[in-house]
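A short worksheet on the structure shown next.
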Amino acid sequence: MGTGLMGASSSAMGGMVAWVTGGDFLQGALKGLQIGLLNHAMHDGGFGIRYYHDKNGNQCGDISEVVVTPDKSWVVPVAETTNTILDNIGYSLKNHGGNSTWGSNGHFYWHGASEHGFYGNKYVRTTKLANIGRGITKFTGKANMFMNGVELGKGYIDDDYQIGYHSIKAATCVAGGWAGGRVGVFVGLKAGAEIGVWFGVGVIPSTIIGGAAGGIIGSLSGSALSEWMIDKFL
């Protein structure tokens with residue numbers, strides 16, 4: 001019986017016995033899994049355990065050292081992607097929200113920059129979408145500068161503290177992401193405005209959504225394209 005099957009069957013039996021006898025199923029299952037795996041290690045020499053007898057006939061065993069280290073390589077890419085998404089949403093709200101507001105009642109009040117917006121009354125408090133966007137970009141802008149600095153610094157260090165392949169790649173990806181984002185915003189704005197007219201959902205909300213979506217796609221695509229070009233031609 002394989003290790004996985006033995007562990008699963010021991011865990012199931014342990015949980016069942018505990019449940020039938022009035023105990024906790026989960027605790028019984030965990031105990032059964034532990035017993036099954038240790039039994040496999042004892043009889044089949046699993047998990048790197050080696051058994052032998054010393055000169056006095058005593059049974060001894062050696063187990064390989066297990067070192068567990070956390071994989072942190074995903075942290076920076078996930079943080080960069082999250083910041084890119086938030087930054088483009090904030091940028092679109094700040095620049096294309098006009099005098100639109102969001103009320104404490106959960107409703108949006110859409111008004112262009114040349115229109116007088118609804119700024120609340122004694123029943124509803126409102127917040128300008130443009131101000132929300134400014135608050136977002138104030139944070140994401142600083143975070144973006146920090147993460148770009150980390151990437152540029154890492155590239156410089158990987159090149160033994162000189163300008164080389166890694167530092168050029170990092171700088172190109174940063175520039176490509178920025179340029180792609182701005183192109184994406186422009187295309188998204190145009191597409192969003194047209195969609196808003198076609199489907200009658202309103203130019204302002206569709207423009208905000210289109211600009212944000214275009215910026216996100218453009219930023220990620222621009223960075224990926226820059227990385228591909230560096231790997232292909234440098």
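The heavy-atom pair separating Cys173 from Ser226 by the smallest distance is CA-CB, 4.0 Å. In plain terms, the two heavy atoms of Ala212 and Ser92 that are nearest each other are N-OG, 3.5 Å. Across every non-hydrogen atom of Asn99 and Glu115, the tightest pair is ND2-O, 2.6 Å.
Placement of Leu129 and Ile89 within a single hydrophobic cluster is found when ILVMFWY residues are connected by side-chain heavy-atom separations under 4.5 Å, directly or transitively. Clustering ILVMFWY residues whenever any of their side-chain heavy atoms sit less than 4.5 angstrom apart, transitively, puts Leu220 in a cluster other than the one holding Val185. Side-chain heavy atoms closer than 4.5 Å link hydrophobic residues (I, L, V, M, F, W, Y) into clusters, and following such links, even through other members, never connects Leu86 to Val174. Residues Leu93 and Trp102 are members of one and the same hydrophobic cluster, defined by side-chain heavy-atom contacts under 4.5 angstrom among Ile, Leu, Val, Met, Phe, Trp and Tyr. Follow the hydrophobic side-chain contacts under 4.5 Å out from Met145 and you never reach Leu152; the two are in separate clusters.
Annotation: the span from Ile216 atom CD1 to Thr84 atom OG1 amounts to 8.5 Å, rounded to 0.5 Å. With rounding to the nearest 0.5 angstrom, the CG atom of Leu225 is 12.5 Å from the NZ atom of Lys232.
Checked against ring pair (Phe, Tyr, Trp, His ring centres under 6.0 Å), Phe118 has the following partners two or more places apart in sequence or in another chain: Tyr109. Not a single salt bridge (charged side-chain N to carboxylate O under 4.0 Å, His left out) links Lys138 to another residue, sequence neighbours left out. Every ring pair (Phe, Tyr, Trp, His ring centres under 6.0 Å) that Tyr119 has, sequence neighbours left out, goes to His116. For Asp87, the side chain to side chain donor-acceptor pair (under 3.5 Å) test picks out Thr140, with sequence neighbours left out. Not a single salt bridge (charged side-chain N to carboxylate O under 4.0 Å, His left out) links Asp159 to another residue, sequence neighbours left out. By the salt bridge (charged side-chain N to carboxylate O under 4.0 Å, His left out) test, Asp231 pairs with Lys169, sequence neighbours left out.
Looking only at distances, no side-chain donor or acceptor of Glu227 sits under 3.5 Å from a matching main-chain atom of Ala224. The backbone N or O of His166 lies less than 3.5 Å from no partner atom in the side chain of Asp158, so there is not a single donor-acceptor pair. Checked by atom type and distance alone, the side chain of Ser206 pairs as donor or acceptor with a backbone atom of Gly192 at under 3.5 Å. Asn56 places no side-chain N or O within 3.5 Å of a backbone atom of Asn58 that could act as its donor or acceptor partner. Remark: the backbone N or O of Asn144 is paired with a side-chain donor or acceptor of Asn148 at under 3.5 angstrom. Side-chain atoms of Ser221 never come within 3.5 Å of backbone atoms of Gly218 as a donor-acceptor pair (strictly under, hydrogens ignored). Thr101 contributes no side-chain N or O that, together with a main-chain N or O of Lys128, makes up a donor-acceptor pair within less than 3.5 Å.
Looking only at side-chain heavy atoms (C-beta outward), His96 and Leu189 come within less than 4.5 Å of each other. The shortest distance between side-chain heavy atoms of Ser219 and Asn88 falls below 4.5 Å. Considering only heavy atoms from C-beta on, Ile208 comes within 4.5 Å of Trp110 through its side chain. Between Val124 and Thr126 there is a side-chain heavy-atom pair separated by less than 4.5 Å.
Enclosure of atom OH in Tyr165 by more than 12 non-hydrogen atoms of other residues, nucleotides or ligands within 6.0 angstrom is indicated.
A cation-pi arrangement is absent between Arg134 and Tyr91, since the terminal nitrogen or guanidinium carbon is not both under 6.0 Å from the aromatic centre and inside a 45° cone about the axis.
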As a quick check of understanding, evaluate side-chain contact (heavy atoms from CB on, under 4.5 Å) for Met147 and Asn83, giving each step before the final call. CA-CA 9 Å; Met147 286 185 284; Asn83 193 71; 3.5 Å; yes
